[in-house]
Amino acid sequence: MQRAMNRTIALAMIVRNEAARLADCLNSVKGQVDEIVIVDTGSTDHTVDVARQYTDKVMFYAWDNDFAAARNFALEQTNSTWILSLDADEQLDVRGGDLRALAGQKEKEAFCLPLQTGEVDDNCQYDRFMVLRFFRNTYRFSGAIHEQIIVGDVAALGFAANPVIRHTAIPARERRMRRGRNIALLQKAINKEPDNPFLIYYYGVDWLGLGRLEKATACFERVLGCLTDEHTLFRAPALRYLIDCYKLQGELDKAICLCLDESMRYGEYSDLFFEGGVLFELKGEYQMAVKWFNEALRHDEPPAVFHHTKGTESYLSLHHLGCCLEQLGAFKQARECYLRALAANKRYIHPLHQLIHMDLSRQSAASVWEDLWKGGYLTDSLSAASAAESFWEAGLPDLAYACLIQAGADVSAALIKYGVYSGRQGEALASLEQLRSRTPVLSVALAVDEIVALLMAENLKQAKARAWDLWKRPAGRNAAWAMLHVTHMLEKGSLGGIPEPHRQKEVTEVLITVLENCWHSRVEDSQLQASLTDIMTQIMRILLLQPQPTLLLTACLQDKADHLRQQIRYNFESARGVWV
Amino acid sequence: MPAKISLCMIVKNEQQNLERCLNSVQRAVDEIIVVDTGSTDETCTIAANYGAIVQPFLWQEDFSEARNASLALATGDWILFLDADEALAPGSETVLRSIVELDNDGYFVKIINYVGSEGWLDSCPDLVFRLFRNRPDYRFRGAIHEQIIDVILENNSQARYQLAEDLVITHYGYLTQQIMAKDKKNRNISIIRRELENTPQNRLLRYHYGVELFRADRLTEAAEELTKAANGIDPGTVYLPKLLRYIVLACQGAQQYEKAMETIKLGLSLFPHYADLYYYGGLIHAELRNYAQAYELFQQALSMPPQPAYFAPFSGTAGFRTYYQLGQLAEKFCNEEEALRYYLLSLRDNANFTAALSGILKILNPRENPEYTRQALAKICDFCTPEAKLLLADLFFFASAYPLALEYFEQVDLISPYTQILKAICLMQQRRFLEALRILENIPADDAQFALAKFNKLLCFWFEGNRARVRAIAEECFALGLSLDTGAVIAILRDSLKKKHADPPVVLQEEGIALVRDVVLRALDLGEYALAQSLLTQIDPDVLGKHALDWGELFQQYGYLDQAEYYVKLYLENNAGDARAYFKLAKIKEQQGRKMEASGLYRQAFTHDPREPRYYVKLIRLYEDMRREVLAEACLKHPDVPAFKTLLEEACKEQ
């Protein structure tokens with residue numbers, strides 16, 4: 001294929017035991033690169049087989065604790081003019097622009113691309129780092145660990161907004177293992193180059209990841225002291241990590257001082273003002289927090305070299321600003337902030353949750369729901385589902401149900417649960433049949449809800465039959481035991497025995513869950529209400545049979561009382577000391 | 001030579017008041033000038049008896065003109081100006097004589113307004129400019145709220161005036177005529193408005209205009225005018241604290257809460273120790289059900305130092321009034337112990353503050369705990385005067401504690417016909433019908449309470465099921481020419497004994513319902529459940545349903561829980577979403593021992609109205625109760641597990 005101006009692009013990677021992730025990565029670069037070079041450093045799974053489906057340039061390299069060496073070996077195998085360097089847990093997102101456009105820029109030698117970590121899907125919460133991953137095939141890596149491409153001429157280094165590299169979260173255990181390994185390598189490297197701030201930076205990142213805050217703090221304090229504005233790429237994240245470190249160690253004042261100092265240097269950095277706001281919020285100094293969040297909101301997204309958490313210039317600050325205003329008793333303004341946050345990013349649902357929580361403490365539940373509906377917040381399925389969840393938690397399953405119905409949501413476990421506990425057991429049972437026709441095996445929790453619905457409808461025979469169905473599934477035995485005994489009690493009025501010791505814990509859990517759900521119910525019909533009360537009474541009788549379940553029951557009652565105490569505090573004390 | 005003092009007054013038909021006034025000044029002034037604007041009673045004679053120079057004057061809707069006419073006749077060095085319904089407080093003459101020797105041009109003196117409301121005296125001090133040098137250029141100005149201080153200052157910017165707090169005028173006017181006829185108020189308002197049109201810059205006049213509007217209940221306009229009067233005012237203006245308070249009151253009344261709070265905030269920045277502002281701020285927050293803020297402001301009100309006279313403080317804002325409000329707040333959170341504590345503090349600060357006493361009684365519940373109430377009250381104070389005994393008897397009566405009420409009525413000798421009827425009712429509620437009848441029959445036919453006596457006579461026989469007598473007295477009642485509603489109730493009472501339903505069912509208005517409510521309560525108090533029911537079944541179901549919450553409340557009070565439940569549910573059928581009804585039903589369920597259902601209903605209550613703390617508190621207590629029950633049962637079932645015993649003991653201790 002003819003490549004204009006000989007601008008060809010190679011993906012070069014080093015991998016080990018990445019069979020699970022590699023395909024996603026390689027699929028994401030389809031059509032973006034002209035060649036793929038994959039260097040395996042000793043996989044014991046079928047990584048190599050996966051790699052071979054995408055390229056025939058799969059090589060082996062004997063791992064010698066030197067990342068740069070391994071990567072440079074990969075680079076040696078390429079024939080293209082530009083290199084894209086990715087890890088297997090990353091993917092390239094070219095929806096906003098592709099690599100070819102960058103490769104066309106004659107004056108540039110290399111590009112930093114945005115790396116997004118966090119909840120990667122759509123527009124939710126993520127952090128943006130700029131990383132140098134796209135460069136002309138004349139550069140080579142240096143550094144055994146946290147190997148870098150170093151571009152001497154600053155003007156030749158570009159910062160691209162697109163394409164974006166997305167980082168998928170890897171399991172915690174694996175991440176810890178990698179960190180441990182990195183730290184060992186870094187330690188070695190630092191011994192050789194004790195004053196290399198980049199090494200110290202990475203050292204800090206790994207210590208922070210492992211939760212060793214004192215060590216991480218020391219690293220970032222050093223990095224911050226010796227890096228200048230030339231290295232904002234590193235200095236900015238180091239600053240934010242240091243704030244995190246102080247915050248996690250409870251040294252809020254120290255963190256605040258740091259924010260204050262650095263705000264002189266980075267007057268446009270929304271993240272910094274956001275952090276400051278959060279710190280004051282944590283301290284309970286809401287008026288100060290309001291000032292900082294407002295400052296964060298005055299700025300746009302910071303320039304690309306700044307490590308940035310999406311939304312600090314907008315919905316994140318708005319959400320926190322709302323929380324602070326609520327604490328100050330300025331409910332109207334708080335409400336406005338939540339609505340603005342939702343308008344800025346409707347996929348960021350926390351403000352919706354908070355809004356519902358706040359409104360429920362100030363007006364009748366029915367009017368809260370109506371306001372949401374009129375405001376158009378129940379039209380898309382994500383916000384409807386999250387609003388529904390909020391209503392359910394507040395003990396309003398009928399309104400939760402209405403949210404989902406309003407949004408035209410499909411039959412789901414949540415819809416059925418809300419239906420059952422709001423006394424719509426007829427609809428719920430019909431939905432269950434519909435669900436069963438699609439997926440013959442229902443989840444255990446859903447099966448339990450179905451039995452509760454049947455009990456409410458006083459259809460004991462069917463309830464028992466469903467419980468026996470559940471019994472046939474090994475995972476459903478304990479739930480089946482619990483529901484069979486509740487049914488027995490309702491039918492015969494007498495106790496059917498106590499669960500075998502090995503079952504006791506799980507059976508108790510099921511019973512408490514059903515009891516809690518019943519306590520979340522809201523049923524107008526007095527007949528149904530009476531059925532529910534019966535179910536609850538019988539569950540309590542079963543729990544009372546044995547000491548341990550009895551203790552759990554008393555704890556459950558205690559929780560309910562404590563929860564209400566909190567609610568009183570929230571409802572009636574939020575605006576203390578606001579004025580004068 | 002000592003300075004000579006002239007008392008100047010304008011009067012019209014003041015024979016009731018004038019003596020009191022002139023008696024009080026006899027030794028204090030050297031000359032009395034009375035300008036009469038057309039008395040038709042003995043006013044002029046009385047004045048002449050005191051040696052006053054009496055000058056008739058043709059009233060021209062201008063107070064200043066009349067006042068200035070009196071000044072023109074004065075020959076003294078100083079003028080003291082009084083209204084006929086005012087008097088100098090004892091001991092004032094010495095102060096008066098001494099301050100007129102000082103090098104001042106005038107004095108603000110303290111005036112104590114006696115305000116009578118709901119049977120107790122309340123005093124409200126203020127400052128007025130009533131003592132000034134007699135100079136021809138010092139003349140009143142303004143058709144109403146005639147003022148002289150600003151005239152003095154205009155003519156003599158060097159004029160020195162001071163506060164003479166020890167010179168006290170007492171004002172009795174508000175006692176009898178506080179509630180001025182509405183048309184008179186509006187007439188005043190239009191006079192001031194005309195004047196204001198001529199002098200729109202006159203701040204003081206605008207202030208008075210606003211106050212008049214406020215008194216006439218034209219609150220929105222009042223708030224507007226008062227705000228105009230306050231904008232750009234010199235913070236040293238002597239009436240500014242009062243002005244601010246009026247703005248707050250007007251805004252509060254007009255439900256402009258935010259503006260009221262803004263004004264309070266501003267006022268406190270100028271007068272940080274102004275207890276009234278904290279007090280009214282607290283009231284507003286309580287009204288908005290922001291209880292934490294209300295609590296804080298009341299606490300601040302209590303911490304205020306003694307208030308200077310120019311604040312014209314409302315009595316008790318740094319004391320009994322605020323304590324009372326804190327008691328109310330505590331009750332909102334079902335904290336009766338704390339409420340009692342505050343009511344006692346309130347009563348200790350002002351023994352005449354009956355609101356606090358009735359707060360205490362409500363908590364003690366004298367109907368159910370008469371002996372305990374008696375003992376508790378004995379510890380609080382002696383009710384030894386007849387007035388106090390009568391007051392207590394009244395309070396017991398309206399708390400349906402009839403035996404206690406009777407006890408106190410019997411300790412008072414001379415009682416009015418109305419009180420005698422109350423006493424008779426107390427006797428009836430103990431089935432001492434003959435004694436009751438004796439009292440009722442002694443109420444003379446020309447007495448205003450005759451119909452009430454007759455009605456109760458009828459009830460005596462109704463309670464006894466004496467159809468013939470009831471019928472006969474009913475006829476006598478009808479002959480008195482009663483209101484439609486009362487007549488209807490009497491007819492129901494008559495018919496209810498026939499065990500026959502009224503056909504068609506009777507439609508009653510509010511008045512009739514209130515009467516029925518009273519009769520039902522007394523029937524239940526006597527244990528006559530069937531009689532109460534027979535009465536209610538005669539009433540139109542729609543009317544009955546509208547007031548079903550009341551019936552529920554009554555039946556609950558007397559322990560007829562099923563009937564109470566029936567009525568509250570009936571109410572809910574037509575008023576879905578009424579939090580109070582859910583709350584009531586929850587309490588009934590709890591009393592029935594149906595705790596699980598009660599918990600759901602308490603939740604319903606705060607779902608519909610999240611701003612009532614008692615809904616949550618009751619549910620918390622219910623959960624704790626359930627927990628204790630579970631633990632108690634566990635102790636029986638599992639005596640081998642000591643943890644339950646410990647937990648139960650802890651739980652009971654917390655209770």
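We use all heavy atoms of the structure for the numbers below, so side chains are in, but hydrogens, waters and symmetry mates are not. So you know, we letter chains A, B, ... as the sequences are listed, proteins then strands, and number each from 1.
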>> Is the distance between the ring centroids of Tyr342(B) and Tyr324(B) under 6.0 Å?
In response: no
> Do Phe572(A) and Phe333(B) make the cut of ring centroids closer than 6.0 angstrom?
Replying inline: yes
>> Quick check: do Pro549(A) and Gln504(A) have side-chain heavy atoms less than 4.5 Å from each other?
In response: yes
Report which part of [X] has an atom under 4.5 Å of a heavy atom belonging to chain A: side chain, backbone, both, or neither.
X	answer
Ser599(B)	side chain
Tyr615(B)	neither
His638(B)	side chain
Glu612(B)	backbone
Tyr582(B)	side chain
Arg603(B)	side chain
Val641(B)	side chain
Leu622(B)	neither
Arg621(B)	neither

>> Quick check on the interface: out of His563(A), Arg565(A), Gln529(A), Gln546(A), who has the most heavy-atom pairs with chain B under 4.5 Å?
In response: Arg565(A)
>> Below 4.5 Å, heavy-atom pairs only: which of Leu543(A), Leu564(A), Leu545(A) has the largest tally toward chain B?
In response: Leu564(A)
[X] (side chain) donor-acceptor with [Y] (main chain) under 3.5 angstrom:
X	Y	result
Asn575(B)	Asp578(B)	no
Gln406(A)	Trp373(A)	no
Arg245(B)	Asp276(B)	no
Arg611(B)	Asn571(A)	yes

> How about Glu389(A) and Tyr418(A): does a side-chain donor come under 3.5 Å of a side-chain acceptor?
Replying inline: yes
> Is a side-chain donor-acceptor pair under 3.5 Å present for Gln363(A) with Asp371(A)?
Replying inline: yes
Residue among [options] with most heavy-atom pairs under 4.5 Å to chain A:
options	answer
Tyr291(B), Phe606(B), Phe644(B)	Phe644(B)
Val617(B), Asn290(B), Leu619(B), Asp609(B)	Leu619(B)
Gln604(B), Glu597(B), Lys569(B), Arg628(B)	Gln604(B)

> Given the rule in the side chain to side chain donor-acceptor pair (under 3.5 Å) test, do Thr550(A) and Lys637(B) qualify, once you have shown the distances and angles that lead to the verdict?
Replying inline: CA-CA 10 Å; Thr550(A) 304; Lys637(B) 267 211 178 96; over 6 Å; no
Check whether [X] gets within reach of chain B through its side chain, its backbone, both or neither, counting any heavy atom under 4.5 Å.
X	value
Leu551(A)	both
Leu553(A)	side chain
Ser526(A)	neither

>> Please determine whether a side-chain nitrogen of the Lys or Arg among Asp449(A) and Lys417(A) lies less than 4.0 Å from a carboxylate oxygen of the Asp or Glu.
In response: no
